[in-house]
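Notes for the one structure printed next.
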There are 2 protein chains.
Amino acid sequence: MKIGQLADKTGLSIQTIRFYERKALLAAPQRTQSNYRSYSDEALKQLLFIKQCRSLDMTIEEISLVLETRTNPESSCENVNATMDKHIDDIKHRISELNALQKTLKSMRAACNDDKKIKECGVLHRIDSIVDSHCPAKRND
Amino acid sequence: MKIGQLADKTGLSIQTIRFYERKALLAAPQRTQSNYRSYSDEALKQLLFIKQCRSLDMTIEEISLVLETRTNPESSCENVNATMDKHIDDIKHRISELNALQKTLKSMRAACNDDKKIKECGVLHRIDSIVDSHCPAKRND
DNA sequence: CTTGACTCTATACCAAGTATAGAGTTTACA
DNA sequence: TGTAAACTCTATACTTGGTATAGAGTCAAG
Ligand SMILES: [Zn+2]
Ligand SMILES: [Zn+2]
Ligand SMILES: [Zn+2]
Ligand SMILES: [Zn+2]
C-alpha cells in the first residue's frame with residue numbers, strides 16, 4: 001500500500017503520516033525500487049490507533065508512551081493507566097482555567113454596549129483598572 | 001527606561017517584549033546612542049494592557065484589533081465588543097469540546113485497573129474497537 | 001582596566017502539523 | 001510510443017506565543 005492509499009484509508013494527510021514517521025510514532029516502512037513508501041496493514045492499524053489517541057487530545061509524547069507499553073502484552077497496565085490519569089488531569093486543569101476565564105470575560109463584556117464610545121468603554125476601563133495594580137518578576141537574558 | 005527595567009516592572013521577559021515589538025503590538029521605542037531601547041511610561045502602560053489581554057487568553061491578532069480601535073477615543077465600541085464576543089465564543093467552544101473529551105476519557109479509563117495486563121487492557125481494547133470502525137477522507141500533496 | 005551585568009541582532013527550538021518547491025515515477029490514454 | 005496527469009520523494013518554510021541560545025557590543029563598579 002502506498003502513502004496515498006494509506007492517507008485515504010486513515011483520513012490523515014500524507015504530510016501527517018510522514019510527520020508521524022519522523023516523530024517515530026510510526027515505524028519507517030519498506031521502500032519500493034523507486035523509493036516509494038510501501039505500507040502493511042499493520043501500519044494502517046497503528047495509524048488508526050494514533051489517530052484515535054490524537055482525537056482524545058493526547059500529545060505525541062503521551063501516545064509514544066502508550067505505544068511503547070503496548071508492544072509488550074505481558075506488561076502491567078500501570079503505565080498506560082498513569083498516562084491516562086495524567087492526561088485526564090491535564091484536561092480537567094484546562095477546563096477549570098477556561099471556566100474561570102469565561103466568567104471574567106463575561107462580566108467584563110457586560111460592562112459595555114455598542115452605543116458607547118471607546119473613551120467611555122466599560123471593557124477597556126476594566127482592563128486599565130486591573131493594569132493600574134501591577135506587579136514585577138525575575139529576568140535573564 | 002531600558003528593557004531590563006521594563007521587564008522587571010511588567011513581569012514579562014525581555015525576549016517577550018522584543019517579540020511584541022516584532023509583532024507590532026508595541027511601537028518600536030527610541031534608541032540610545034549605543035542602540036539600547038529606551039522606553040517611556042506609555043510603553044509600560046501599553047505592555048501591561050497587553051499582558052492583561054493575554055491573561056484573558058486573547059490572541060495577538062485579537063489584541064491588535066483592540067489596540068487599534070483604542071487609539072481613537074471617539075470611535076464606537078462595536079469593534080471591541082465584537083472582538084470580545086467572538087473571543088468569549090472561542091472559549092465556550094473549547095470548554096464544550098474539552099467537557100466531551102473528559103467524559104470519553106473517564107469512561108475509557110474506568111474500563112481498566114492496575115491489576116490487569118496490556119493484553120487484557122480495557123483502555124487499549126476500547127481504543128482498538130473504535131479503530132476497527134474507521135472511515136476515509138480526501139487528500140492533496 | 002578588567003570583570004560582571006546588561007543589551008544588541010540573529011538564529012534555532014517547542015507542538016502538531018500544513019504548505020509549498022522542485023525533482024523523479026507511475027499510470028492512463030490517444 | 002509519447003505525453004500529460006497523478007502520484008511520490010526530500011527539503012524547506014510557515015503557523016502561535018513565546019523561550020533559549022550564540023556572539024558581539026556597552027556600561028558601571030572596583
Ligand atoms: Zn495530556
Ligand atoms: Zn466598550
Ligand atoms: Zn479568541
Ligand atoms: Zn489497561
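Letters go in sequence order (proteins before strands), and every chain restarts at 1. What you see below is based on every heavy atom in this structure, not just the backbone, and it leaves out hydrogens, waters and symmetry mates.
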Inset, instruction - Find the distance B:Leu56:CG to D:dG17:P and express it as a whole number of Å. - result: 14 Å
Inset, instruction - Considering just the side-chain nitrogens and oxygens of B:Arg37, establish if one lies under 4.0 Å of OP1 or OP2 belonging to C:dT7. - result: no
Inset, instruction - Note the angle between the end axes of the helix from C:dC1-D:dG30 to C:dA30-D:dT1, five pairs defining each, rounded to 10 degrees. - result: 30°
Inset, instruction - Grab the CD1-P distance between B:Ile3 and D:dT26 for me, whole Å please. - result: 17 Å
Legend entry - N/O (side chain, A:Arg31) to phosphate O (OP1/OP2, D:dT10) under 4.0 Å: yes
Inset, instruction - Send over the distance from B:Ile14 CD1 to C:dT9 C1', rounded to a whole Å. - result: 14 Å
Legend entry - Salt-bridge contact B:Lys45-B:Asp41 (side-chain N to carboxylate O under 4.0 Å): no
Inset, instruction - Using whole Å, report how far CE of A:Met1 lies from C1' of D:dT8. - result: 16 Å
Legend entry - Under 4.0 Å protein heavy-atom contacts per nucleotide of nucleotides 15-25 of chain C, with B for base, S for backbone only and - for none: SBBBBB---BB
Inset, instruction - Could you tell me the separation between the CG atom of B:Asn35 and the P atom of D:dC27, rounded to a whole number of Å? - result: 11 Å
Legend entry - Hydrophobic cluster identity match, B:Leu48 and A:Ile130, side-chain contacts under 4.5 Å: yes
Legend entry - Distance in angstrom units between B:Ile17 CD1 and C:dT9 C1', rounded: 17 Å
